[in-house]
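Remember, predicted model here, so these are calculated numbers, not experimental data. Throughout, a chain's letter reflects where its sequence line sits, starting with A, and its residues are numbered from 1. Scope of the values below: all heavy atoms of this structure, side chains included, with no hydrogens, waters or symmetry mates.
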Number of protein chains: 2
Amino acid sequence: MLSNTTVYGLRAMIHLANSDQDQYISISKMSEELKISFHFLTKILQKLTQNNLLVSYRGPKGGVRLSKKPEDISIYEIVIILETRPMFTECILGIPGCEDDAPCPLHEEWRPLRLQIERQFRATSLAHLAEKLEIFGKRLA
Amino acid sequence: MLSNTTVYGLRAMIHLANSDQDQYISISKMSEELKISFHFLTKILQKLTQNNLLVSYRGPKGGVRLSKKPEDISIYEIVIILETRPMFTECILGIPGCEDDAPCPLHEEWRPLRLQIERQFRATSLAHLAEKLEIFGKRLA
DNA sequence: TCGTTTTCGGATGCGCTTATCTTATTCAAA
DNA sequence: TTTGAATAAGATAAGCGCATCCGAAAACGA
């Protein structure tokens with residue numbers, strides 16, 4: 001469903017939303033806590049930084065932090081940046097040009113499901129997920 | 001969402017449901033009409049044959065045909081056979097051991113969506129899709 | 001100014017799915 | 001019985017996402 005890259009990015013973002021917003025969090029520390037390869041996580045967070053979801057800072061005491069409040073970041077934004085395929089628009093049979101007025105046989109069944117997934121992703125904020133992490137002790141690794 | 005293998009398998013099965021059930025359909029002919037590599041399609045249909053969704057016949061006038069009526073084959077069955085990942089049960093954050101009583105932060109949001117996808121896939125038969133193909137002239141390639 | 005810490009970004013290697021190729025086997029018709 | 005048509009199955013290559021590595025640049029502290 002989601003690529004590894006996206007999954008790692010989501011976990012890292014949830015972790016950041018659950019950390020102190022006023023300081024930069026070191027990528028190496030995060031990679032240890034989330035059990036994600038440091039170099040790989042660096043690559044992923046770079047992409048999120050380039051797309052203005054994160055602010056980075058180099059040097060001692062450096063790291064990354066969220067560019068806006070966790071309430072204002074949806075997991076939809078993260079997925080769109082990290083996922084290479086257009087998962088919220090593509091045809092489930094992979095047929096080029098499949099649209100509402102030129103649909104594949106599965107189009108009518110798939111479209112509402114796809115839309116519902118998109119709505120849920122848009123409606124789910126990092127703050128919401130971080131809160132669950134706090135209250136219910138849910139896991140990221 | 002679905003692998004290429006599964007997508008090709010689905011298209012071929014819909015095509016078969018839309019063909020004469022009383023004769024074997026040649027894989028080479030099908031590969032031409034669906035614009036799928038012959039050798040690759042062969043591999044996919046072999047797997048469907050091994051899992052008793054198709055019956056094959058070698059030699060002249062050979063090919064494959066559906067093992068039961070198109071009404072009795074759901075796309076769920078096809079996906080389960082061809083998809084390597086357990087897409088109807090796996091955690092969307094890829095966290096091992098994520099379950100109802102040990103959920104990841106996204107678990108509660110994802111579970112109902114996943115279930116709905118599964119229900120839709122179980123409820124959609126090849127006959128239903130083939131009918132659309134007939135009546136509305138929907139495309140497979 | 002120098003050394004240390006940390007992110008940045010390009011280059012490289014690995015592994016799995018995808019795709020192709022080749023040989024064997026089966027069956028029907030002439 | 002021979003020949004050709006067709007699937008079966010294993011071996012092999014290509015492509016891409018995954019993962020790693022390394023040097024460069026930036027920032028801080030001494």
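Residues of residues 3-12 of chain B having a heavy atom closer than 4.0 Å to DNA chain C, listed by number: S3(B), N4(B), T5(B), Y8(B). Within residues 13-27 of chain A, the residues that have a heavy atom under 4.0 Å from DNA chain C are, in order of number, S26(A), I27(A).
For the atom pair CD1 (I14(A)) and SG (C104(B)), the distance works out to 7.5 Å, reported to the nearest 0.5 Å.
Of the residues near DNA chain D, H39(B) and K29(B), the one whose nearest nucleotide (by heavy atom distance) lies more toward the 5' end is K29(B). Nearest-nucleotide positions on DNA chain C place Q46(A) closer to the 5' end than the other of S37(B) and Q46(A).
If you take CZ of F40(B) and P of dA8(D), they are 16 Å apart, rounded to a whole angstrom. One atom, CG of L45(B), and another, P of dA6(D), lie 15 Å apart when rounded to the nearest Å. For the pair Q50(B) CD and dT7(D) P, the interatomic distance rounds to 15 Å; values are reported in whole Å. In this structure, L2(A) places its CG atom 11 Å from P of dC18(D), rounding to the nearest Å.
Its side chain within the 4.5 Å cluster rule, F136(A) clusters with I135(A) among the Ile, Leu, Val, Met, Phe, Trp and Tyr residues.
Counting only distance, with no hydrogens or angles, the side chain of R114(B) and the backbone of T89(B) share a donor-acceptor pair below 3.5 Å. A distance-only check finds no donor-acceptor pair linking the side chain of E90(A) to the backbone of F88(A) [under 3.5 Å].
A ring pair (Phe, Tyr, Trp, His ring centres under 6.0 Å) check over residues 27-50 of chain A, counting only residues at least two apart or in different chains, returns the pairs Y8(A)-F40(A). Pairs engaging residues 13-32 of chain A under the salt bridge (charged side-chain N to carboxylate O under 4.0 Å, His left out) rule: none recorded [sequence neighbours left out].
Remark: S28(B) pairs with S26(B) by the side-chain hydrogen bond (donor to acceptor under 3.5 Å, both in side chains) rule, at least two apart or across chains. The salt bridge (Lys or Arg N to Asp or Glu O under 4.0 Å) search around K43(A) returns none, not counting sequence neighbours. In this view, E83(A) and S3(A), T6(A) satisfy the side-chain hydrogen bond (donor to acceptor under 3.5 Å, both in side chains) rule, not counting sequence neighbours. In this structure, the side-chain hydrogen bond (donor to acceptor under 3.5 Å, both in side chains) partners of D100(A), at least two apart in sequence or on a different chain, are H107(A), R111(A).
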Using the 3.5 Å cut-off, write out each protein N or O paired with an N or O of nucleotides 28-30 of chain D and the distance between them.
{"unit_1": "dC28(D)", "atom_1": "OP1", "unit_2": "Y57(A)", "atom_2": "OH", "d": "2.3"}

Return all side-chain donor-acceptor pairs below 3.5 angstrom for residues 121-134 of chain B, not counting sequence neighbours, or 'none' if the list is empty.
{"unit_1": "R122(B)", "atom_1": "NE", "unit_2": "E118(B)", "atom_2": "OE2", "d": "3.1"}
{"unit_1": "R122(B)", "atom_1": "NH2", "unit_2": "Y76(B)", "atom_2": "OH", "d": "3.1"}
{"unit_1": "R122(B)", "atom_1": "NH2", "unit_2": "E118(B)", "atom_2": "OE2", "d": "3.0"}
{"unit_1": "T124(B)", "atom_1": "OG1", "unit_2": "Q120(B)", "atom_2": "O", "d": "2.7"}
{"unit_1": "T124(B)", "atom_1": "OG1", "unit_2": "Q120(B)", "atom_2": "NE2", "d": "3.1"}
{"unit_1": "S125(B)", "atom_1": "OG", "unit_2": "A127(B)", "atom_2": "N", "d": "3.4"}
{"unit_1": "S125(B)", "atom_1": "OG", "unit_2": "H128(B)", "atom_2": "N", "d": "3.1"}
{"unit_1": "H128(B)", "atom_1": "NE2", "unit_2": "E109(A)", "atom_2": "OE2", "d": "2.7"}
{"unit_1": "K132(B)", "atom_1": "NZ", "unit_2": "E108(A)", "atom_2": "OE1", "d": "3.3"}
{"unit_1": "K132(B)", "atom_1": "NZ", "unit_2": "E109(A)", "atom_2": "OE1", "d": "3.1"}
{"unit_1": "K132(B)", "atom_1": "NZ", "unit_2": "E109(A)", "atom_2": "OE2", "d": "3.0"}

Steps toward side chain to side chain contact (heavy atoms under 4.5 Å, CB included) verdict (L54(B), M13(B)): CA-CA 9 Å; L54(B) 292 178; M13(B) 291 296 277; 3.6 Å; yes

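Nucleotides of DNA chain C that come within less than 4.0 Å of any heavy atom of chain A span, from the 5' end to the 3' end, dT5(C) to dA11(C).
Checked options I73(A), L53(A), D72(A), L48(A); the residue passing with L66(A) is I73(A) (criterion: side chain to side chain contact (heavy atoms under 4.5 Å, CB included)).
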